[in-house]
There are 2 protein chains.
Amino acid sequence: MATIQDVAKLAGLSRTTVSRVINQHPYVTDEKKRLVMNAMEELNYVPNSSARRLRKQQTETIAVYVPRITNPFFSQMVEVMGNYAAEKGYQLILCQTSYSRNQEINYLELLKTKQVDGLILTSIENEWSDIEPYMNFGPIMLCNEYNDEAKVPTVYLNQIEGGYIGTRHLIEQGHTKIGYCSGDNTESRVASDRYKGYKKALAEAGLPLNEKWFLTSAYSIEDGKRIFKEIASMKDPPTAVFTGSDEVAAGIWKEAVNHQWRVPDDLAIIGFDDQPVAELIGLTTIEQPIEEIAKRAMEQMIETIEKKLPSKRKEIQLDFKLVKRRST
Amino acid sequence: MATIQDVAKLAGLSRTTVSRVINQHPYVTDEKKRLVMNAMEELNYVPNSSARRLRKQQTETIAVYVPRITNPFFSQMVEVMGNYAAEKGYQLILCQTSYSRNQEINYLELLKTKQVDGLILTSIENEWSDIEPYMNFGPIMLCNEYNDEAKVPTVYLNQIEGGYIGTRHLIEQGHTKIGYCSGDNTESRVASDRYKGYKKALAEAGLPLNEKWFLTSAYSIEDGKRIFKEIASMKDPPTAVFTGSDEVAAGIWKEAVNHQWRVPDDLAIIGFDDQPVAELIGLTTIEQPIEEIAKRAMEQMIETIEKKLPSKRKEIQLDFKLVKRRST
DNA sequence: TTGTAAGCGTTATCAG
DNA sequence: CTGATAACGCTTACAA
């Protein structure tokens, strides 16, 4: 592998001049520039990025944390972020926390060891106080998930609103017995706010909150199937159910149909995210502007890195949209 | 940020000794080791990875190329690869080629500039002769996609078999007019072999090949919908259709139902991949052992890197499975 | 406009 | 078992 030194020698110039050409500095005669260019060409030279990273103390790499890349909500987010980052000359390191606190902490070392210039969290597994210390090593920001204590830029959706409009829709359809499905993450504002929205809609309509209709550990299609069975075995089952993801909703629906229940007559179901599958099966759901939150987050991160902005709270809030289909 | 020098000074030892402790070399007294550990602790020291990369000439990073991360087939592959890589102490850089030749070439520079130790291609957009030169800069391998000219390790499925068993199944169901959907990539052996398998099954059964039933540009749900319309507008439409992905199949089905066609009576549909959506909607499909090809590929790549294996052809072939559901 | 020289933070070599 | 010293390949004051 040719180094900058080799190029310099062949061109009969100094390393400095070569470096200047590479980095498009002014004050290099066209003649010398051509000399350098030719030498680089001849030697098939490419700058070594490790050396450059060490010298410039930056990596042009951004880490994106997601629970699992196979969750379509997150893969869409990563798709947009990856493309936008590439356009701006940055790479993406993908960090899957697998809903694990340890895994999340392990990956945080990337920032500490200067392997990335910054990181974007789309979910949070640990308490913020466990993450905060890492802010000393580089910019961190939130996209989707949010947190009161976090003094970082945050691009998010008001999940109280999300929970509210979904539940409100079910109430408007005449339902009074409305179940609620969610995951188990107790640190998540996304989860807790969505639940708040659900309760708010219920309270407004003077409907009771029934703890038996609160269903947990809901992440996947399989979980949805399990949840349907739980509902079916209840003495006084809900007539409608609010779910935290289209996958869970799809699982419930699938199993309901298997048991000869009619949707929405026997059970109305509302999903969340508006993933492609929702349109396919006709699921009413709540659309999140994924492309936009992803793009806004990546923009913000790159700006933070390039302008070396100090870490501070900055909220960018976007809105949901109800997509009515035949499951309600 | 504390450096190894700071630790050395605080511990009253040399950089070398500190480095030895960090890298778990033998021949360091327990006493000095403790001294070093304490100093590292006190200074909150972490080794700088850029410096290490430069010195060791390796990055512990692997690039994975996919067309789009939102395609569930590829996101599953990346999920498995990412987790396995993390387990082995490697990071993953995600490269989305967006089905673009240029984008693919752009990303190949990563290897050249020594930003990654190796790369795994799950799809190929360019001709192999355009990719081959990059093999001088580090190990490249294939996973899923394959190519005759490529002298690299390849983990793949025999797509002739895939095309064959799907088509054969439709023939066994009594169909004689069988359509075929695929994408447009002319470089892809996955695509051309699958088509060969289709033709082989047809020929074996003495059925004619009708060019009008060859449908192209099929990638997404939307494409599937468009394709259904093409089929519906034919004078002599096929009664069954083989598709290259569950998403396309789902789109065709969705639109068919919208137009009051019955599946499988008016049109039988077979998908490919066995994505979660297939089970959900009851799509007959061909399962690919994604987890296994992904894991085998990553294993192979890490072995290649760590043992500095020379690049050579090595084929690992795995098998398909037909999953019969109600769409056929 | 160009070059010299000093580092960025490690690890490998070699001598002790 | 430990330490001095020389790289790894690049950029950036500073000098000329």
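First the proteins, then the strands, lettered A, B, ... as listed; each starts at 1. Note that the structure is predicted; figures quoted are calculated from it, not measured.
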(request) Take Thr3(B) and Thr29(A), find for each the nucleotide of DNA chain C with the closest heavy atom, and name the residue whose nucleotide sits nearer the 5' end. (result) Thr29(A)
(request) Would you jot down, in residue-number order, the residues of residues 14-25 of chain A having a non-hydrogen atom under 4.0 Å from DNA chain D? (result)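 Those residues are Arg15(A), Thr16(A), Ser19(A), Asn23(A).
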(request) Give me the residues of residues 39-53 of chain B where at least one heavy atom lies under 4.0 Å from an atom of DNA chain D, by number, or none. (result) none
(message) Side chains of Thr61(B) and Arg53(B): any donor to acceptor distance under 3.5 Å?
(response)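 Looking only at side-chain atoms, Thr61(B) and Arg53(B) do form a donor-acceptor pair, the distance falling under 3.5 Å.
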(message) Would you say Glu145(A) and Tyr156(A) are linked by a side-chain donor-acceptor pair, where the criterion is simply a distance under 3.5 Å?
(response) no
For [X], all residues meeting side-chain hydrogen bond (donor to acceptor under 3.5 Å, both in side chains), sequence neighbours excluded:
X	value
Ser19(A)	Asn23(A)
Glu292(A)	Arg296(A)
Asn102(A)	none

(message) Taking any heavy-atom pair under 4.0 Å as a contact, classify Gln5(B): base, sugar-phosphate, or nothing.
(response) nothing
Over how many whole Å does the gap from [X] atom [atom1] to [N] atom [atom2] extend?
X	N	atom1	atom2	result
Lys114(A)	dG9(C)	NZ	C1'	12 Å
Tyr27(B)	dT11(C)	OH	P	19 Å
Leu35(B)	dT2(D)	CG	C1'	13 Å
Gln115(B)	dG9(D)	CD	P	16 Å
Gln57(A)	dT12(D)	CD	C1'	13 Å
Gln58(A)	dC10(D)	CD	P	16 Å
Lys9(B)	dT2(D)	NZ	C1'	19 Å
Lys32(B)	dT2(D)	NZ	P	5 Å

Using 4.0 Å as the upper bound for N to carboxylate O, is an ion pair formed by [Y] and [X]?
X	Y	result
Glu306(B)	Lys308(B)	no
Glu299(B)	Lys295(B)	yes
Arg313(B)	Glu315(B)	yes

(request) Find the bend of the helix from dT1(C)-dA16(D) to dG16(C)-dC1(D) as the angle between its two terminal axes (five pairs each), to the nearest 10°. (result) 40°
(request) Determine: side-chain N/O of Lys56(B) to OP1/OP2 of dC8(D), distance under 4.0 Å, yes or no. (result)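 For dC8(D), neither OP1 nor OP2 has a side-chain N or O of Lys56(B) closer than 4.0 Å.
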(request) Return the minimal non-hydrogen interatomic distance between Leu111(A) and Gly138(A), and the atom names on each side. (result)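 Scanning both residues, the minimum pair turns out to be CD2-O, 3.6 Å.
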(request) Would you name the heavy atoms of Tyr146(A) and Gln159(A) that are closest together and state the gap between them? (result)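 Minimum heavy-atom separation between Tyr146(A) and Gln159(A): OH-N, 3.3 Å.
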(message) Do Ile124(A) and Asn185(A) make a side-chain contact, defined as non-hydrogen atoms from C-beta onward lying under 4.5 Å apart?
(response)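 Contact flag for Ile124(A)/Asn185(A) side chains = no.
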(request) Answer yes or no: side-chain N or O of Arg55(B) and base N or O of dA7(D) forming a donor-acceptor pair under 3.5 Å. (result) yes
(request) Output the single nucleotide from dT2(C), dT11(D), dT11(C) whose closest atom is nearest the side chain of Ile4(A). (result) dT11(D)
(message) Centre-to-centre under 6.0 Å for Tyr219(A) and Tyr99(A), is that the case here?
(response) yes
